[in-house]
Amino acid sequence: MGLFDIFKTKETEPKQNLNWFTIQTEDQLQELDRLSKDKLMVIFKHSTSCPISKMAFKRFQKEADFDAEKADLFYVNVLDQRDISNAIAEHYGVLHQSPQLIIIKNGDVVHHASHSAIVPSAIDRFLG
């Protein structure tokens, strides 16, 4: 072990394989609303150039312990999909932030969080 090896972080695998979808068009937000009547829709807005966003995304995946069959996960790269990110903010009336977690149930935002307040356990509160 070298002197600087103590600064390396050990990568860990997520507790479960999360199946991420992408939102390609603004019209898909209407479909998310419809689908959210039967299943939670979870949107994770992420900036790939931001270290805080990267850390929040990795932590979310590592700590995820909710039933993945009861929630659909959508990943939005805010740098590549700025128009989608803005449409989400407008459609759901949630101020844009990155990183940001938005949970939709029955067509409404039931929870949103950003930065260090993003925790997968928030999803459990709305599963039922």
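Below, each value reflects all heavy atoms present in this structure, side chains not excepted, and no hydrogens, waters or symmetry copies.
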>> List the residues meeting side-chain hydrogen bond (donor to acceptor under 3.5 Å, both in side chains) with E69, not counting sequence neighbours, and say none if there are none.
In response: none

>> Test of understanding: with side-chain contact (heavy atoms from CB on, under 4.5 Å), list the residues that count as partners of R82, not counting sequence neighbours.
In response: N86, H96

> For T48, which residues count as a side-chain hydrogen bond (donor to acceptor under 3.5 Å, both in side chains) partner, sequence neighbours excluded?
Replying inline: none

> With sequence neighbours left out, which residue pairs that include part of residues 38-53 fulfil the salt bridge (Lys or Arg N to Asp or Glu O under 4.0 Å) condition?
Replying inline: K39-D72

> Considering residues at least two apart in sequence or located in another chain, which fulfil the side-chain hydrogen bond (donor to acceptor under 3.5 Å, both in side chains) criterion with S36?
Replying inline: none

> Under a single-linkage rule joining Ile, Leu, Val, Met, Phe, Trp and Tyr whose side-chain heavy atoms are separated by less than 4.5 Å, which residues share a cluster with V94?
Replying inline: F21, I23, L29, L32, L35, M41, I43, F74, V76, I84, I88, Y92, I102, I104, V109

> Any side-chain heavy-atom pair from L40 and F66 closer than 4.5 angstrom?
Replying inline: no

>> I'd like to check the ring pair (Phe, Tyr, Trp, His ring centres under 6.0 Å) partners of Y75; sequence neighbours left out, ordered by chain and number.
In response: H46, F57

>> I need the I103 CD1 to L73 CG distance, nearest 0.5 Å.
In response: 10.0 Å

>> Between E63 and D65, is there a side-chain heavy-atom distance shorter than 4.5 Å?
In response: no

> CD of E31: more than 12 outside heavy atoms within 6.0 angstrom?
Replying inline: yes

> Should we count CG of L79 as having more than 12 external heavy atoms under 6.0 Å?
Replying inline: yes

> Listed by chain and number, what are the salt bridge (Lys or Arg N to Asp or Glu O under 4.0 Å) partners of E26, not counting sequence neighbours?
Replying inline: none

Could you pull out every donor-acceptor pair under 3.5 Å between side chains of residues 111-121 and any protein atom, sequence neighbours left out?
from	atom 1	to	atom 2	distance (Å)
H111	ND1	R125	NH2	3.2
S114	OG	Q97	OE1	2.7
H115	NE2	S98	O	3.4

> Are F44 and M55 connected in the hydrophobic side-chain network, where two residues link if heavy atoms are under 4.5 Å apart?
Replying inline: no

> Just one of C50, S49, S85 clears the side-chain contact (heavy atoms from CB on, under 4.5 Å) bar with V78, so which one?
Replying inline: S85

> Minimum heavy-atom separation for V110 to F126, with atom names?
Replying inline: O-CZ, 3.4 Å

> Among all residues two or more places apart in sequence or in another chain, which pass the side-chain hydrogen bond (donor to acceptor under 3.5 Å, both in side chains) test with Q30?
Replying inline: none

